[in-house]
Amino acid sequence: TVNWSPSLQTVLANEQVIDGKDERTGQPVVQRQMTQWFFRTTRYAEELLDFSKLDWPDSVRTMQSNWIGRGEGASITFTTEDGEPIEIYTTRPDTLWGATFMVLAPAHERVERVTHDEQRAAVRAYREQAARATEIERSDEHREKTGVFTGGHAINPVNGERIPIWISDYVMLRYGTGAIMAVPAHDQRDFEFAKKYRLPIPVVIQPLHGKPLAAGHLQEAFTGHGRLVDSGPYSGMPSEEAMKKITADLAQQGKAEGVTLYRIKDWGISRQRYWGTPIPIVYCDACGTIPVPEDQLPVLLPLDVEITGTGLSPLLNVPDFVNTPCPQCGKPGRRETDTMDTFVDSSWYFYRYTSTHEASAPFDREVVRRFFPIDQYIGGAEHATLHLIYCRFWTKFMRDLGLVAHDEPATRLFNQGMVIKDGAKMSKSRGNVVAPDEMIEKYGADTARLFTLFAGPPEKDMEWSQAGIEGCHRFLLRLVRIVNKHAPRLREARTTSAVPANPSAGGASPAQSEANPQERHLLRRAHQTVRRVTSDFERRWHFNTSIAATMELVNELYALEPLEQTVSPAVLRETLEKAVLLISPFAPHLAEELWQQLGHEVCVVETPWPSYDAALAQEEEYEIVIQVNGRVRGHIRIREELNKEELLKQALTDPRIASLVASQRIAKTIVVPKKLINIVLAA
């Protein structure tokens with residue numbers, strides 16, 4: 001079953017369907033069953049659940065686990081009143097005595113046969129309505145449950161009870177068998193459906209602890225494990241034990257089988273478009289379906305194609321492409337005219353990058369062995385169940401073909417945020433993209449780069465802001481002005497501190513020994529800034545705070561104007577050199593020019609990263625007042641820059657503070673930097 005766009009005459013991915021309509025034309029999309037080409041992703045379901053070799057965010061691992069959806073359960077046979085079997089899949093066979101109705105997916109093959117004449121019109125109308133909804137919409141847990149009674153009934157195999165058969169679009173044909181036993185007291189979707197249509201809700205599982213459940217007073221389904229009640233010979237048995245026992249007993253009667261199912265389905269890759277990789281298949285009346293031989297690959301798209309935007313694949317109208325000899329018998333054959341989903345290409349393009357000129361294979365295997373798996377991959381979390389799972393499948397698929405020797409494409413993953421403009425994700429399809437050429441023309445490439453990195457932490461979404469761009473531009477101009485003003489005299493006061501032989505060695509500044517209080521303060525801030533930016537690069541990737549720290553350092557210089565009178569050339573030169581080196585990853589072109597103005601012949605990119613003196617970078621000691629609910633309860637002395645959580649931890653080391661907050665919940669903390677921390681306790 002696929003999303004078919006009648007207006008575009010092609011299959012669409014779930015992500016291209018918004019509220020049941022094609023995202024490009026706004027026209028309705030329908031569900032259609034079509035013969036398609038698939039990749040067997042289900043073969044790798046269990047392996048894709050193994051994240052032991054991956055240092056990936058928990059959120060991505062959870063999304064992929066849910067998408068794959070491994071479920072241990074049983075296939076159980078119910079029968080219709082006419083004795084025809086209907087297979088259902090359930091992960092909770094212990095709830096069989098609580099099944100009060102059956103639900104079939106609208107497209108289930110048994111629907112027509114179980115529907116009674118008086119219900120046919122209603123069933124037909126509902127099936128047409130369901131065909132217009134996508135699987136994503138239908139699987140929305142918060143969507144109102146709807147359905148139609150078929151008029152038919154099924155027989156519960158454990159107690160012989162006759163239960164009504166309904167159809168509803170919350171049951172998917174692609175998951176399990178497309179049929180479920182509905183147990184409303186112990187499944188939330190079934191509960192909502194039963195409440196709406198006033199169907200019985202008997203309790204057959206009681207929780208092990210707490211107040212017993214009463215059928216007429218349930219506000220929601222109890223979905224946990226417990227102890228069986230009103231379940232024939234299994235009453236009193238714990239859920240886990242009953243699940244195994246019931247399945248085994250029904251299996252002996254030929255009515256059940258233990259089954260492991262996965263929510264993930266095989267990947268339908270057929271698209272009725274021109275733009276995509278040709279599917280290398282030839283159809284022959286004599287030989288059948290024949291793969292294009294390897295020595296005839298790749299199959300190339302023809303260039304003389306008329307793109308009309310209507311009808312089926314444009315390739316159908318190119319006879320020179322369609323008509324080709326059968327690779328097996330040489331008789332006339334015809335090529336497959338569907339092309340592959342473009343996610344096929346994005347699943348492995350980075351392998352091709354390693355050997356783009358390789359003409360006889362997808363890539364040079366030896367080159368790939370040197371580069372893979374990727375040490376650090378950066379990609380958005382919105383691709384968790386798209387590109388990020390497809391590329392894992394593709395790597396395992398190529399491994400089994402002998403093309404690669406590793407199991408995973410990337411060892412570490414970092415999720416960057418998205419750019420938001422006018423309240424929506426910035427993208428070409430939404431028409432809200434800011435052209436970089438315009439920004440570069442007005443502000444320069446370095447400003448554009450600096451603002452992008454300064455707007456927020458890389459893992460968070462950033463709001464596009466014209467004022468923010470202008471602020472970054474002003475900062476760079478400020479740095480330019482201060483270097484231009486003082487560079488002539490600083491070239492004569494050259495020091496070696498900016499280019500240490502060992503950039504990690506640290507060491508005291510040559511300008512420090514004879515510094516006055518203002519100069520010592522400036523040197524301290526310069527070395528603290530190097531420490532902070534270095535830490536951001538090595539541990540957090542928070543480039544926004546690196547840029548902010550460098551901005552603060554430049555502001556310190558302006559606060560000491562006139563610098564000719566307050567700061568010696570040696571101290572000023574060391575500070576400016578550190579500032580230019582620190583800003584160079586974010587504004588490389590400008591930094592190179594300023595570096596040369598300061599008298600350096602070696603390029604910034606060839607200059608070692610600046611070091612810092614750990615003792616000089618140590619924060620000056622300051623006292624913080626500790627309040628509890630606004631009243632002063634203690635003091636602590638701090639010598640280092642701590643964040644809010646670290647400050648709270650330090651405050652709680654005070655015995656008196658610890659006793660005051662013991663066994664109480666902290667509602668919030670109010671921190672005034674370097675002055676006080678107020679711990680507000682919950683009332």
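This chain uses plain numbering: 1 for the first residue, then up along the sequence.
Test Asn415, Leu388, Ile389 against His383 for side-chain contact (heavy atoms from CB on, under 4.5 Å) and you get one pass: Leu388. Results of the side-chain contact (heavy atoms from CB on, under 4.5 Å) test with Tyr351 over Leu403, Ile374, Val368 single out Val368 as the only residue that passes.
Between the side chain of Asn3 and the backbone N or O of Leu12, at least one donor-acceptor pair lies under 3.5 Å. Between the side chain of Glu592 and the backbone N or O of Val604, at least one donor-acceptor pair lies under 3.5 Å. Panel note: side chain Arg263, backbone Ser65; no donor-acceptor pair is recorded below 3.5 Å. Asp341 places no side-chain N or O within 3.5 Å of a backbone atom of Val344 that could act as its donor or acceptor partner. Checked by atom type and distance alone, the side chain of Arg656 never pairs as donor or acceptor with a backbone atom of Gly634 at under 3.5 Å. Not one N or O on the side chain of Arg271 forms a donor-acceptor pair closer than 3.5 Å with the backbone of Met340. Judged by distance alone, with hydrogens and angles left aside, the side-chain atoms of Ser535 form no donor-acceptor pair with the main-chain N or O of Arg532 at under 3.5 Å. Using modelled atom types, no side-chain atom of Glu593 and backbone atom of His589 make a donor-acceptor pair closer than 3.5 Å. Checking side-chain atoms of Gln627 against main-chain N and O of Ile679 turns up no donor-acceptor pair under 3.5 Å. No donor-acceptor distance shorter than 3.5 angstrom exists from the side chain of Arg637 to the backbone of Glu623, with no hydrogens or angles considered.
Using a cut-off of 4.0 Å between Lys/Arg side-chain N and Asp/Glu carboxylate O, Arg392 and Glu47 are scored as not salt-bridged. Electrostatic pairing of Arg365 and Glu358 does not count as a salt bridge here, judged by no charged N lying under 4.0 Å from a carboxylate O. Glu519 and Arg524 are not joined by a salt bridge, as no carboxylate oxygen comes within less than 4.0 angstrom of a charged side-chain nitrogen. Between Glu561 and Lys485 a salt bridge is recorded (basic side-chain N to carboxylate O distance below 4.0 Å). A salt bridge between Arg370 and Glu366 is absent, with no side-chain N of the basic residue lying under 4.0 Å from a carboxylate O of the acidic one. Under a 4.0 Å N-O distance rule, the pair Asp407/Lys53 qualifies as a salt bridge. Glu408 has a carboxylate O that lies under 4.0 Å from a charged side-chain N of Lys396, or vice versa, which qualifies the two as a salt bridge.
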>> Evaluate His600 against Glu606 for side-chain hydrogen bond (donor to acceptor under 3.5 Å, both in side chains), listing each step before the verdict.
In response: CA-CA 11 Å; His600 293 281; Glu606 296 175 340; over 6 Å; no
>> One pair to check against side-chain hydrogen bond (donor to acceptor under 3.5 Å, both in side chains): Thr411 and Asp375. What are the steps and the verdict?
In response: CA-CA 5 Å; Thr411 305; Asp375 298 303; 5.3 Å; no
> For Asp345 and Thr342, what are the C-alpha separation, side-chain angles and deciding distance, and is it a side-chain hydrogen bond (donor to acceptor under 3.5 Å, both in side chains)?
Replying inline: CA-CA 5 Å; Asp345 304 313; Thr342 51; 5.8 Å; no
> Run the side-chain hydrogen bond (donor to acceptor under 3.5 Å, both in side chains) check on Trp609 and Thr534 step by step: do they pass?
Replying inline: CA-CA 9 Å; Trp609 186 250; Thr534 302; 2.8 Å; yes
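Heavy atoms of other residues, nucleotides or ligands lying less than 6.0 angstrom from CD of Gln466 number more than 12.
Residues that satisfy the side chain to side chain contact (heavy atoms under 4.5 Å, CB included) test with Tyr353, not counting sequence neighbours, are Tyr349. Here Gln416 pairs with nothing under the side-chain hydrogen bond (donor to acceptor under 3.5 Å, both in side chains) rule; sequence neighbours left out.
The aromatic rings of Tyr390 and Trp267 lie parallel to each other, with less than 30° between the two planes, well short of the 60° mark. Under the 30°/60° scheme for interplanar angles, the aromatic rings of Trp394 and Phe397 are found to stand perpendicular.
Taking the ring centre of Tyr558 as origin, the terminal cationic atom of Arg478 falls inside the region bounded by 6.0 Å and 45° from the ring axis.
Of all the heavy atoms in Leu553 and Thr575, the pair that sits closest is CD1-CG2, 4.0 Å. When all heavy atoms are compared, the tightest approach of Thr566 to Asn516 is O-ND2, 3.7 Å.
Under the 6.0 Å cut-off for aromatic ring centres, Trp541 and Phe414 qualify, their centroids lying closer than that.
For the 3.5 Å distance criterion, the side chains of Tyr612 and Gln528 fail to qualify, holding no donor opposite an acceptor.
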